[in-house]
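Please read the structure below before turning to the comments.
Indexing begins at 1, ligand by ligand and atom by atom, following the structure's order.
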Amino acid sequence: MVHRPWSIVHGPSSKQIYHLCNTMHYYSTNNRNHHATLKEAVIRGQAPDKGLYMPERIITLPDTFYQNLKGLSFEEVAFKVGWAMFRDDMELGDLKNIIDNSLHFPMPLVQVEEGIYSLELFHGPTLAFKDVGARFMARLLGHFLKNEDNEVTVLVATSGDTGSAVAHGFLGVPGIKVVILYPSGKVSPLQEKQLTTLGQNITALEVEGSFDDCQALVKQAFADTELNARINLTSANSINIARLIPQSFYYHYAWSQVPKGEDDKVVICVPSGNFGNLTAGLMAKRMGLPVHRFVAATNANDVVPQYLRTGQFTPRASVSTLSNAMDVGNPSNFARMMDLYGNNQEALAKDVVSCAIADDETSATIQEVLQRTGYLLDPHGAVGYLALKRYLKTETATGIFLGTAHPAKFIEVVEAATGQPVEVPEALESLRHKEKLAHKIAPHLEELKRYLA
Ligand SMILES: *Cc1c(COP(=O)(O)O)cnc(C)c1O
C-alpha cells in the first residue's frame, strides 16, 4: 500500500475502528487481494499495480426498491442509490450535500418517436454527460481532502469533454490544481475554448499528438517515482471509480421515468469510447436494475464490438471521426467489464450487444431524424440512436439512448449534416470572445514534468 502524506490514516478513534470493520473495500482489477477504502481509491484514481478499482461487493437491491423509484426526482433517485452504495463510507448529510451541489441540473427522458427515448445528459455547465461524473468526483475528492494540508494536482487527459467537465467541477476549489492534456487540433473549436479559458487553478496543455498520446503521458506520469515523490498526483479520467458510480444513478432514473406499460423490456444504448459509461450501466444492472440489455454503440473505433464478435481484444491506434469524444483505440474500462463478467466473453455478450456506426451514417442520421421527428441529435447521440434503431429491428422493446452531448457542442458537424443553423446556448456563445490560454508541448514525459514542476 502506498502511503502518501496527505492520505493519512490517523490513530483510529473508536468510531473509526467501527468504520474500518464495516467499510466497503475496493480491489484492483489486477489483484483482488489489493484493498483500498473509498477514500484511498478516489484519491489514487488508479491502483498502485496499474489496475482499476472495483467495489468488492455490488449491493443487490430488491424489486420493491425499484418499484419505489417511479415518480421520484433525479436527486431522490441518486440519493437512494448512492446511499445503498456509500452508507458505510460517509455520513448521510455529506452524501446529500455532494449530490445536491454537483448534480442539480435537469436530465430529462425525452421521447424522440414511438418506443424511442433520449436521456438528455447534456444540460450541465459544459453541455455533456461528463459533467455528472466529473462534478460528483470533484465534490467527493474535496470532501475527502477537506482536512489535508498539501496541494493535490489532478491530471486529466481528454478527447474533449472530460477535460472541460473536470475543470468546471474543480474550478476555484482550494488546495486542488487541475492540469488538462488535450490533443492539438483534435477537439472542436468550442471544446477547446471550454478547456482553455477558465484560468484560476486550471492549466491547459495542448499536446502535439493524439488522445492516446495524452492518455499515455498521464499513465507515464503516474508511474514516475521521482515525480510522485515531489507532488501529489491524482487522476480524474474515467478510470476514477468516483466518476463511474454517479453515472449508475441516471440509469436508475432513466428506467424510473419510462411510462408504465412500456417498461416490461427496456434496452439502453450507450455511445461509447472509453466504456466508463457502459460499465456504470452494467453495474446498475448487477445491482438489480431491470434493464433487459445494453447496446454498446461505437464509431469506427470498434475494438469492443470486435471483441464481442470474435473474443479477441485487439487495441489499436484510434482514428478520427465525427463523434470525436469516442475516438478511443484502447478503451480503459475494458478491464472493468472483463472483471465484472469474469473474463467471459459469452456472459458479457448476453448483456451487451454492439454495433459500430460509420461517419456517413452518423451525418445521415442527424439529418433524417431531424426531418422526420424534429429532434436534433449531436454526432454521439446519432451513433447511439442508429445503433439502437438497428437493435430494435431484431427485438421488440422500449429503447433509450443516452444523449451524451448538446448538438451545439459539435455545431460544425451538425450544421453540415442538416444544412440548418444550430441555436447556441448562452453558456457556449459567451466563450467565443474569451482568449485561449494553453501551453503547447510535445508528447514526452519530460515536457509534461517541466510544467508540473
Ligand atoms: C466521453 C464521451 C462519450 C464516451 O463515453 P465513455 O464513458 O468514454 O465510453 C460519448 N459521448 C460523449 C459526448 C462523450 O463526451
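- Any N or O atom pair closer than 3.5 Å counts here, and T404 shares at least one such pair with ligand 1.
- Using cut-offs of 30° and 60° on the angle between ring planes, the pair F74 and F249 is tilted.
- Heavy-atom contacts of A405 reach the following atoms of ligand 1: 13 (C) (cutoff under 4.0 Å).
- The one candidate from D378, N299, N301, I357 that meets the side-chain contact (heavy atoms from CB on, under 4.5 Å) condition with S323 is N299.
- Near P271, meaning under 4.0 Å from any of its heavy atoms, are these atoms of ligand 1: 4 (C), 10 (C).
- Salt bridge annotation for D131-R135: absent, with no cationic side-chain nitrogen under 4.0 angstrom from a carboxylate oxygen.
- Taking a cut-off of under 4.0 Å to the non-hydrogen atoms of S272, the atoms of ligand 1 that pass are 9 (O).
- Counting only non-hydrogen atoms, the option in F275, F129, F122 that gets closest to atom 3 (C) of ligand 1 is F129.
- Residue contacts with ligand 1, taken as heavy atom pairs separated by less than 4.0 Å, involve K130 solely via side-chain atoms from C-beta onward.
- A donor-acceptor contact shorter than 3.5 Å is absent between the side chain of E208 and the backbone of P443.
- With a 4.0 Å heavy-atom cut-off, ligand 1 is reached by the backbone of A325 and by its side chain too.
- Near N277, with a cut-off below 4.0 Å to any heavy atom, the atoms of ligand 1 are 7 (O).
- Ring pair Y66/H252 is parallel by interplanar angle, where below 30° counts as parallel and above 60° as perpendicular.
- Side-chain atoms of D351 do not come within 3.5 Å of backbone N or O of R293 as any donor-acceptor pair.
- Short contacts between ligand 1 and G276, defined as distances under 4.0 Å to a heavy atom of the residue, involve ligand atoms 6 (P), 7 (O), 9 (O).
- Of the possible donor and acceptor atoms, none in the side chain of H444 sits under 3.5 Å from a partner among the backbone N and O of I441.
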